[in-house]
Amino acid sequence: MKKIKNILLIITGGIAAYKSLELIRRLKDQNINVTCILTKSGSEFVTPLSVASLSGNHVYSDLFNLTDESKMGHIQLSRETDLILVAPATTNIISKMAYGSCDDLASTVLMATDKQVIVVPAMNVRMWHNPATQRNIQMLIKDGVSFIGPDKGDMACGEYGLGRMSETQEIVESILELNLSLLDQPLKNLSALVTAGPTKEQIDPVRFISNESSGKQGYAIAQSLFNMGAQTTLITGPTNIPLPDGPTIVKVNTAEEMLTITEKLLPVDIAVCAAAVSDYKVNKTKITKIKKTGEGISLDLSENPDILKRISKRNSNRPSLVVGFAAETENLKKNAETKLLAKGCDWILANDVSNGKIFGEDNNEITFISKDRLETWDKMSKDSVAMKLSNNISDYFSA
Ligand code: C5P
């Protein structure tokens, strides 16, 4: 497999720029050659000399520098790399990228590149939540730009919240995961289905049984399997997040609908059941709104089909690899191991959801369980979990 050997690191002007110095070192530890562009405001926080000394390469800053342009023009700079990493990325560069402005070397290179771009935002919490920033990010995600972070925590400005630049180790890990995935398309001859999101079981026209699942993890998995070349279908319950770009999307409401589509899609090579399927459905959905009686009511419920179990235990057209999730509030490992056997799937990705952890968050802490392997993965973004899982899937099929 091809590996990422060259990264063009764009350092923009935020206090987190000091972290990019450590990032250069850690990337170099992985034998990755790092060339840097330091924006004008970036150089208010770190000096070109520190960046050049640590990267061991010339530092580029100026679009109109004749010497630089004659040695390595900005178009070449944007193409002669395997990946562009913008870290830290300020609100300003994110906005410029979204709108395609190019008034300095960094933004011009970003416009001229044909390479994968990863953005690591770092900004004040209010700037992060500002609707303009969020709009710009959605535009960039649609354009195929990836994001790492931001993290939640204390900020240099004294506030608390989302906006901290992700830790160096997490950035390096995400890049290593990407290393094995994006450049090659190791899953290109395989087909995959992913279930994601909650299901919605209607009680009456205005009420339903559902759960807090955001769909983020399943969507990230569908995206990364697609990016690695798998012919991917995402079967999703109702969510409020942007759909992945590339996979075929089938929207469903109920568990029964999810099962029907899942079975219709067989045979596939890979099935990942990340949906939080409602365990129960209402036996007779009321056509009219249930009125208050003053005495309470009871709902007549029956168990929904277990999609994961049904496809794992099929005699015909069983996918070669079936992956399930286990959200546990106690005895994580033991319950997940029991689930692996009970459902008959090949791998389980277990996570601790006690005290409402994980649902809707951007990070996940996974315990990976198969018949002969048990691994605790570091806490990482749901995108990184998706890439790590996809790389495991790739290894499984190439073995
Ligand atoms: O039994 P439990 O809901 O904890 O199992 C979780 C795993 O089973 C997840 O992978 C989920 O997508 C899958 N599941 C399913 N159909 C159900 C219930 C769970 O596919 N009805």
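Ligands are counted one by one from 1 in listed order, and the atoms in each one are counted from 1 as well. We use all heavy atoms of the structure for the numbers below, so side chains are in, but hydrogens, waters and symmetry mates are not. Source: prediction; values computed, not measured.
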* **Taking atom 20 (O) of ligand 1 as the reference point, the nearest protein heavy atom with its distance** => Leu308 N, 2.8 Å
* Short N/O distance, under 3.5 Å, between Lys339 and ligand 1? -> yes
* Give the atoms of ligand 1, by number and element, whose distance to some non-hydrogen atom of Cys273 is under 4.0 Å. => 9 (C), 10 (O), 11 (C), 12 (O)
* To do: In sequence, state the C-alpha distance, the side-chain angles, and the governing distance for Ile118 and Val145, and then conclude on side chain to side chain contact (heavy atoms under 4.5 Å, CB included).
  => CA-CA 6 Å; Ile118 300 186; Val145 172; over 6 Å; no
* To do: Tell me which protein heavy atom sits closest to atom 12 (O) of ligand 1, plus the residue, atom name and distance to 0.1 Å.
  => Ala275 O, 2.6 Å
* Asked: Can a donor-acceptor pair be found between the side chains of Gln169 and Glu173 at a distance below 3.5 Å?
  -> yes
* Output yes when the distance from some N or O of ligand 1 to some N or O of Pro305 is under 3.5 Å, and no in every other case. => yes
* **Nearest protein heavy atom with distance in Å, relative to atom 14 (N) of ligand 1** => Asp306 OD1, 3.8 Å
* To do: Could you tell me whether Lys343 approaches ligand 1 through its side chain, its backbone, both or neither, with non-hydrogen atoms closer than 4.0 Å?
  => side chain
* Asked: Where does the angle between the aromatic ring planes of Tyr396 and Trp347 fall among parallel (under 30°), tilted (30 to 60°) and perpendicular (over 60°)?
  -> perpendicular
* **Polar atom proximity, Val277 to ligand 1 (N or O, under 3.5 Å)** => no
* Ion pair present between Arg373 and Glu375, side-chain N to carboxylate O less than 4.0 angstrom? -> yes
* To do: Report the part of Ala255 (side chain from C-beta onward, or backbone N, CA, C, O) that has a heavy atom under 4.0 Å from ligand 1; answer both or neither where that applies.
  => neither
* Asked: Any side-chain donor paired with an acceptor under 3.5 Å for Asn351 and Glu328?
  -> no
* Cationic N near anionic O, under 4.0 Å, Asp104 to Lys96 -> yes
* Does a side-chain N-to-carboxylate-O contact under 4.0 Å join Lys115 and Asp82? -> no
* Asked: Could Asp383 and Lys388 be called an ion pair, given the rule that one side-chain N must be under 4.0 Å from one carboxylate O?
  -> no
* What residue and heavy atom of the protein are closest to atom 16 (N) of ligand 1, and at what distance? -> Ile307 N, 3.0 Å
* **Protein heavy-atom partner closest to atom 6 (C) of ligand 1 - residue, atom, separation in Å** => Phe325 O, 3.0 Å
* In ligand 1, which numbered atoms sit nearer than 4.0 Å to a non-hydrogen atom of Gly324? -> 10 (O)
* Do Arg26 and Glu22 sit within salt-bridge range, that is, some charged N less than 4.0 Å from a carboxylate O? -> yes
* Any nitrogen or oxygen of Ala276, main chain or side chain, under 3.5 Å from a nitrogen or oxygen of ligand 1? -> no
